[in-house]
Number of protein chains: 2
Amino acid sequence: MTATARADSRQSPRKRAGNGAAPRDVADDVGLDALVGHAGYAVRRFQIWIFQDFIKTLGEVDIRPTQYSVLTVIGANPGLSQMAVAKRLGIERARLVHLLDSLEKRKLVKRIKSKEDRRSHALHLTAQGETALTKFKRLAAEHERHVEAKIGKENRAHLLRILSGFT
Amino acid sequence: MTATARADSRQSPRKRAGNGAAPRDVADDVGLDALVGHAGYAVRRFQIWIFQDFIKTLGEVDIRPTQYSVLTVIGANPGLSQMAVAKRLGIERARLVHLLDSLEKRKLVKRIKSKEDRRSHALHLTAQGETALTKFKRLAAEHERHVEAKIGKENRAHLLRILSGFT
DNA sequence: GAAAGATTGTTGTTGACGACAACAATTGCC
DNA sequence: GGCAATTGTTGTCGTCAACAACAATCTTTC
C-alpha cells in the first residue's frame with residue numbers, strides 16, 4: 001500500500017525512462033511517495049538531526065552523545081565495572097575501552113582496580129569529572145529544549161513515552 | 001530539568017564514590033537516572049532496534065535501509081540525477097556513488113548519460129529492479145508490522161505524525 | 001565568444017561506530 | 001587441582017558521515 005502512488009506508472013515505467021523526458025533540475029520537489037509512512041526513515045532523519053544538535057550544543061565542551069551517556073551512567077552508579085556499563089548502554093566492551101581511554105586522558109574518569117574481582121575495574125568520576133558533568137547536564141538540558149522547540153513540548157513528552165520501552 | 005533525578009545526590013556524590021561501596025555484579029538493575037528523559041538516547045536505541053529488524057526482515061533479499069530508500073526514490077522518480085537523489089535523501093553524493101555501484105552491479109539500477117547535461121546521470125530502475133522493488137516493498141510492509149507489534153499501532157501512527165517534519 | 005566560476009560525478013582520506021575474534025589474567029565450578 | 005567462563009584489552013573488518021581534491025561539463029559574465 002505504500003506503492004499506491006506508483007501503481008499506475010509501474011505498468012510501463014520505461015515509457016518515460018526512455019530518454020530525458022523528466023531529468024528534473026529542481027531537487028526539492030522530488031516525491032518520496034512510498035518512503036513516507038516508513039517509521040525507520042523518519043526515525044533515522046530525526047536521529048541525525050537530534051545528534052547534530054547535541055554535538056553542536058555540547059560543542060564548546062567537546063562531548064559527544066556516547067561520551068555523555070557513559071559519564072552519566074558512571075556518575076549515577078559509581079563503582080560500576082566496564083562490563084556493566086557496556087551492557088547497560090548497549091555498547092560493546094571493546095568499544096568502551098577506547099571511550100574510557102579518552103575520558104581518562106581528559107581526567108574526567110578513573111579506573112580503579114577492584115579488590116573483590118581483580119579482573120575488573122571500578123569506574124568513578126574524578127572530582128573534575130563531577131563538576132564537568134554538571135555543566136554537561138546543563139548544556140544537555142539546553143539541547144533538550146531545542147528538541148522541544150522543534151517538535152513541540154507535548155510531542156516530545158509523548159515521544160519519550162512511546163519509546164520508554166527501549167530505555 | 002532532565003537532571004532532576006540527580007539533583008539530590010549531586011551535592012555530595014563522592015560520598016558513595018569513595019571506594020568499592022557498590023561494585024554491583026548485577027548489571028541489569030543499573031540506574032540510568034539522568035539518561036531517562038533524553039530524547040536522543042531513546043531515539044538512538046529505537047533506531048538501532050528498528051534498523052536491525054529491517055535488515056533481518058529484508059535479509060533474504062539482502063537489502064539494507066539506505067539501499068531501499070534509494071531504490072524507492074528512483075522508482076518513484078525515474079530519470080533523477082545522482083545529485084537530486086542524494087539531496088533528497090540527505091546522503092552525500094560521494095556516498096551515493098558506492099551505493100549505486102553495488103545496485104548497478106546487481107542489475108537493479110542503471111545510470112544513463114543525460115543528453116541535456118552531459119555531466120549528470122539519469123537514474124532508472126531496470127526491469128529486474130522494478131519487479132524486485134515490489135517484493136522489497138512487500139517485505140518492508142512486513143517490517144512495518146513488526147514495528148506496530150512492538151510499540152502499538154496508534155503509537156506508530158502518532159510517531160510518524162510527530163516526525164513528519166523530517167520527511 | 002572566451003574566460004571565470006559553479007556544478008556533477010568520482011576518488012580518496014579521515015574518524016566515529018558496531019561486530020567479531022583472539023588473548024592474558026582472573027574467577028568460579030566440579 | 002583442573003577446566004570452563006568472565007573481564008579487560010588489542011586488533012581487524014565493514015558501515016557510514018564529513019571533507020577535500022579532481023576532471024568534465026555547464027553557466028555566467030564581460
Side-chain angles (χ1 to χ4, degrees), chain A residues 20 23-27 40 44-45 47-56 58-59 62-70 79-104 109-123, chain B residues 23-27 40-41 44-45 47-52 54-56 59 62-70 79-104 109-123:
Chain A
R24 269 181 167 163
D25 37 39
V26 187
R44 170 177 166 263
R45 298 298 294 252
Q47 206 251 3
I48 290 174
W49 181 89
I50 210 170
F51 264 52
Q52 279 176 346
D53 184 86
F54 187 98
I55 292 171
K56 192 172 128 200
L58 296 239
D62 191 28
I63 287 290
R64 318 195 88 254
T66 313
Q67 295 175 314
Y68 178 77
S69 68
V70 171
L80 234 46
S81 73
Q82 297 187 193
M83 192 63 204
V85 171
K87 203 180 287 183
R88 186 63 195 83
L89 290 177
I91 60 186
E92 280 193 53
R93 62 190 204 278
R95 167 106 189 92
L96 189 58
V97 171
H98 301 296
L99 284 169
L100 289 175
D101 283 348
S102 84
L103 292 177
E104 204 170 25
V109 164
K110 55 187 170 195
R111 294 185 241 220
I112 300 180
K113 302 210 126 195
S114 170
K115 291 172 184 174
E116 291 108 358
D117 187 340
R118 285 158 57 213
R119 293 171 301 181
S120 68
H121 293 159
L123 301 177
Chain B
R24 270 183 168 162
D25 36 40
V26 188
Y41 183 72
R44 171 177 165 263
R45 298 296 293 252
Q47 206 250 4
I48 290 174
W49 180 90
I50 210 170
F51 264 52
Q52 279 176 347
F54 187 99
I55 293 171
K56 192 173 128 201
D62 191 29
I63 287 290
R64 320 194 85 253
T66 313
Q67 295 175 314
Y68 178 76
S69 68
V70 170
L80 233 47
S81 73
Q82 298 187 194
M83 192 62 205
V85 171
K87 201 179 289 183
R88 187 61 194 87
L89 290 177
I91 61 187
E92 280 192 52
R93 62 190 204 277
R95 167 109 189 89
L96 189 58
V97 172
H98 301 295
L99 283 168
L100 289 175
D101 283 349
S102 83
L103 292 176
E104 202 169 28
V109 164
K110 56 187 170 195
R111 295 186 241 221
I112 301 180
K113 303 210 125 196
S114 170
K115 291 172 182 172
E116 290 107 358
D117 187 340
R118 284 157 59 214
R119 295 170 299 180
S120 68
H121 294 159
L123 301 176

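Chain letters run A, B, ... following the sequence lines, proteins first, then strands; residues in each count from 1. Remember, it's a predicted structure, so these values are computed and weren't measured experimentally.
Counting heavy atoms from C-beta outward, Val70(A) and Val109(A) have side chains that stay 4.5 Å or more apart. The shortest distance between side-chain heavy atoms of Gln82(A) and Arg93(A) does not fall below 4.5 Å. Contact annotation: the side chain of Leu123(B) approaches that of Arg111(B) to within less than 4.5 Å [non-hydrogen atoms, C-beta and beyond].
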Reading nucleotides 13-19 of chain D from the 5' end, what letters show protein touch, with B for base, S for backbone sugar-phosphate only, - for no heavy atom under 4.0 Å? --SSSBB
Sugar-phosphate atoms are those with a prime plus P, OP1 and OP2; base atoms are the rest. Using that split, label each nucleotide of nucleotides 22-30 of chain C B, S or - for protein heavy atoms under 4.0 Å, 5' to 3'. ---BBS---
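Between the CG atom in Asp117(A) and the OG atom in Ser81(A) there is a gap of 8.5 Å [rounded to 0.5 Å]. One finds the CZ atom of Phe54(A) at 9.0 Å from the OG1 atom of Thr66(A) (value rounded to the nearest 0.5 Å). Rounded to the nearest 0.5 angstrom, Ser114(B) OG and Leu80(B) CG are separated by 11.5 Å. Note: Ile50(A) CD1 to Ile55(A) CD1 = 11.5 Å, rounded to the nearest 0.5 Å.
Between Arg44(B) and Leu89(A), the shortest heavy-atom distance links the atoms NH1-O, 4.0 Å.
Atom NZ of Lys87(A) is separated from atom P of dG18(C) by 17 Å (rounded to the nearest Å). Note: NE2 (His98(A)) to P (dC17(C)) measures 12 Å, nearest angstrom. Look at CD on Gln82(A): it is 10 Å from P on dT10(D), rounded to the nearest Å. We find that CD of Gln47(B) is positioned 11 Å from P of dG18(C), with the value rounded to whole Å. Here the C1' atom of nucleotide dA16(C) and the CG atom of Leu96(A) are 15 Å apart, to the nearest Å. In this structure, the NE2 atom of His121(B) is 9 Å from the C1' atom of dT8(C), given to the nearest Å. Rounded to whole Å, atom C1' of dG9(C) lies 13 Å from atom CD of Glu104(B). With rounding to whole Å, Gln67(A) atom CD is found 10 Å from dA16(C) atom C1'.
Considering only residues two or more places apart in sequence or on other chains, Arg45(B) meets the side-chain contact (heavy atoms from CB on, under 4.5 Å) condition with Phe166(A), Tyr41(B).
Of the two residues contacting DNA chain D, namely Asp101(A) and Ser120(A), the nearest-nucleotide position lying further toward the 5' end is that of Ser120(A).
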